[in-house]
Every structure is written in C-alpha cells, then in structure tokens.
*Asks:* 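The structure follows.
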Number of protein chains: 2
Amino acid sequence: MTTTEIDRSAPEAPAARSISEVAELTGVSAHTLRYYERIGLLDVNRDHAGRRLFSPNDIQRVVFITRLRHTDMPIRQVQRYFALVEAGPETQPERLELLVRHRESVLAQLTDLHAALETIDYKIAIYGGSDTSFA
Amino acid sequence: MTTTEIDRSAPEAPAARSISEVAELTGVSAHTLRYYERIGLLDVNRDHAGRRLFSPNDIQRVVFITRLRHTDMPIRQVQRYFALVEAGPETQPERLELLVRHRESVLAQLTDLHAALETIDYKIAIYGGSDTSFA
DNA sequence: CTAGAGCTTAGAGTGCACTCTAAGTCAAGC
DNA sequence: GCTTGACTTAGAGTGCACTCTAAGCTCTAG
C-alpha cells in the first residue's frame, strides 16, 4: 500500500506510437491519418522534432472513425461529431441524437443488404443468371 | 382451348416505357439511365424518333443493377457481369462465380455493419459518447 | 560525418460514379 | 404554324474521399 515498486515496474508511459505504427495497427494509411488530422477528426501531439505521437485514445478514435466510415457516414458528419466532442460535455445530447439518427441509417443499410443478398441468392439458385428478373 | 378471345382481351403489348417513367419507377435518374446505357449496362430499343423504349426486361435489369450497386459492387464488375450475359449462355459458369464471390463480399459487409452497429449502440448506451473508446 | 529512412508540410492529382450542360430534334396542343 | 416540353447527343463538370508529390528536416547507424 505504501510502496511505489509496482508503479515503477508497471510502466505508466502512455505508449505513444508513430504514424506508421498506427497505420499498420489500424489499416488506415499514414496519408489518410494526416488527412484526418487536417480536416479536424484528430488532434495528435508531436515529439520535439514535430512528429506525431498517437496516444491510445487517438488510436481508439481512429478505430471508431473507421467503424463509422464503414457504415457510410459521410466525412462531414464524422467531422461534425468530433467537433461536438471537442466542444465539451454540453453537446452530449446533440451527439446522442446524431448517433441515434445514424443508427437508423445503419438499420436501413442492413435491410437493403439483406434484400440484395436474397436477389443474389435467387440468381445463384437459378444458376447462370442469364435472365435479369430478380424475384 | 381453341378460342383466342382471352389473348385478344389481354394485351400482349410489352408495355414499353419512356425514360422518365422508368426514372420515376426505379428511382434512378434519367441522366443515370443514359449513363448506364452508355457504359454498356443497358441496351434499350428506340422508337421511330430515336427515344428510348424500356421493355419490362430492361426495367428489371435496372432494378437488379440498383440492387448490386446498393451492395457496393463496383460499376466495373456490374459491367463485366452484363457483358457476360450479352456474350451468351456459355458464360454462365463465370457469371455464377462472379455472383458467388460477390455474395461473400455482401456477407462481409453484413458482418462489418453489425460490428459498427454494436459500437454505435455501445456509444448510445453510455450516452453522450464523449470518450472515444468503442468496446 | 554522411547516407538513408522516415518523418514534416502545403497543395496537387486521382478514381469513382454520377450529374449536368449545350445544342439540337421531334410530336402534340393551341 | 408556332410554342412547349420531353427527348436526343457528346462531352464537360462535380463531389467525395482519399492519395500522392515535392521539397525539406531530423534521428540513427555505419
């Protein structure tokens, strides 16, 4: 309880990572990471030489952005979301609303995808798909 | 069995439609329909004045294209698919393979979407989403 | 001390899928 | 006969989201 040994042996260092490490880790290219920062999705600290040091939190954010992009959220809306985050806790209701609205669009996409899957399965079932009927 | 009355009363006309009708019907703009024809996805007959007459089959094809596009099949691949259709029945195995491969990609999209939905639901659950963690 | 890898920046370029423009034709209604 | 409006064409323009280039800086290894 009074020793500091454990703290010393377990590094408290935030394990900041370089842009190329984050690129490899997340599958987002270094070019794109810089682009994301430029348009305000990220705000990454620098080392003494001006190089980006991605904190674990920055990396989590990149992953979250990627998830949102996978659901076709327009970059503009992602920008808006993180602008709200930067603006402080009083924007939480607005962020929530944005997410809830986006959730609807994801559900709609799921419906669309299932419909398309059925069509494709039908085509596959009738084999070559030489006709263009779909149901 | 020997009368032709039913045939005469039920019109055999193919009910060809104008580009604007098809646009309204399918939700694909007239501009885009012309574009689709230009890049080889459609091959639409004309009336004596050179205007497009979309057959029911053409319209089905537009709907099918729309379904494929909704699953993010690149236009190039849609082009390839219909080029195979035009090329004749001997391309059926290749078409089938293309569809089966695309089916895989749709399943992957579904997995991605479900993952993103979970993330969004988690964010919504913790309310404002002020942190950027995702699980 | 120098070569090279890897980073920095502002800004230009790319690819996709439309989307629109301009100039013209045609058929129907007044 | 003329206007209106929907159609025709080739080709240019748009918006999105990256993706890359060029020129320069800095840390590390030999």
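Letters A, B, ... mirror the listed sequences (proteins, then strands); counts begin at 1.
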*Asks:* Between A:H31 and D:dA17, is there a contact of a side-chain N or O with OP1 or OP2 at under 4.0 Å?
*Replies:* no

*Asks:* With nearest nucleotide decided by heavy atoms, which residue, A:R52 or B:T32, maps closer to the 5′ end of DNA chain C?
*Replies:* A:R52

*Asks:* How long is the straight-line distance from CD1 of A:I19 back to CD of A:E37, given to the nearest 0.5 Å?
*Replies:* 7.5 Å

*Asks:* Let me know, please, whether A:H48 or A:S29 comes out on the 5' side of the other along DNA chain D by nearest nucleotide.
*Replies:* A:S29

*Asks:* Give one of base, sugar-phosphate or nothing for A:S20, where a contact means two heavy atoms less than 4.0 Å apart.
*Replies:* sugar-phosphate

*Asks:* So, does B:Q109 use its side chain to make a donor-acceptor pair with the main chain of B:T71 at under 3.5 Å?
*Replies:* yes

*Asks:* Under 4.0 Å: is that the gap between some side-chain N or O of B:R69 and OP1 or OP2 of C:dC18?
*Replies:* yes

*Asks:* Ignoring hydrogens and geometry, is there a side-chain-to-backbone donor-acceptor pair from B:D121 to B:E118 under 3.5 Å?
*Replies:* no

*Asks:* Rounded to the nearest angstrom, tell me the gap between atom CG in A:D47 and atom C1' in C:dG6.
*Replies:* 12 Å

*Asks:* Would you call B:R61-B:E86 a salt bridge at under 4.0 Å N-O?
*Replies:* yes

*Asks:* Report which part of the nucleic acid A:R34 touches: base, sugar-phosphate, or nothing (heavy-atom distance under 4.0 Å, all strands).
*Replies:* base

*Asks:* Could you state the CG-P distance from A:L53 to C:dT8, rounded to the nearest angstrom?
*Replies:* 9 Å

*Asks:* For D:dC20, take OP1 and OP2 only and decide whether either is under 4.0 Å from a side-chain N or O of A:Y35.
*Replies:* no

*Asks:* With side chains defined as the heavy atoms from C-beta onward, is the minimum distance between B:F64 and B:Y81 less than 4.5 Å?
*Replies:* yes

*Asks:* Once you round it to whole Å, what is the distance between P of C:dC7 and CD of A:E21?
*Replies:* 9 Å

*Asks:* Could you give the CZ-to-P distance, from B:R76 to C:dG15, as a whole number of Å?
*Replies:* 10 Å

*Asks:* Calculate the interatomic distance between B:R17 atom CZ and D:dA6 atom P; express it in whole Å.
*Replies:* 18 Å

*Asks:* Specify the residue among B:I75 and A:R38 whose closest nucleotide of DNA chain C lies further upstream toward the 5′ end.
*Replies:* A:R38

*Asks:* Starting from C1' on D:dA17, measure out to CD1 on A:I39 and report it in whole angstrom.
*Replies:* 8 Å

*Asks:* Base, sugar-phosphate, or nothing for B:R46, non-hydrogen atoms under 4.0 angstrom?
*Replies:* sugar-phosphate

*Asks:* Mind calculating the distance between CG (A:L33) and P (C:dT8) to the nearest angstrom?
*Replies:* 10 Å

*Asks:* Within the structure shown, what part of the strands sits under 4.0 Å from A:S18 by heavy-atom distance: base, sugar-phosphate, or nothing?
*Replies:* sugar-phosphate

*Asks:* Considering heavy-atom distances to DNA chain D, does A:A49 or B:A49 have its closest nucleotide positioned more toward the 5' end?
*Replies:* B:A49

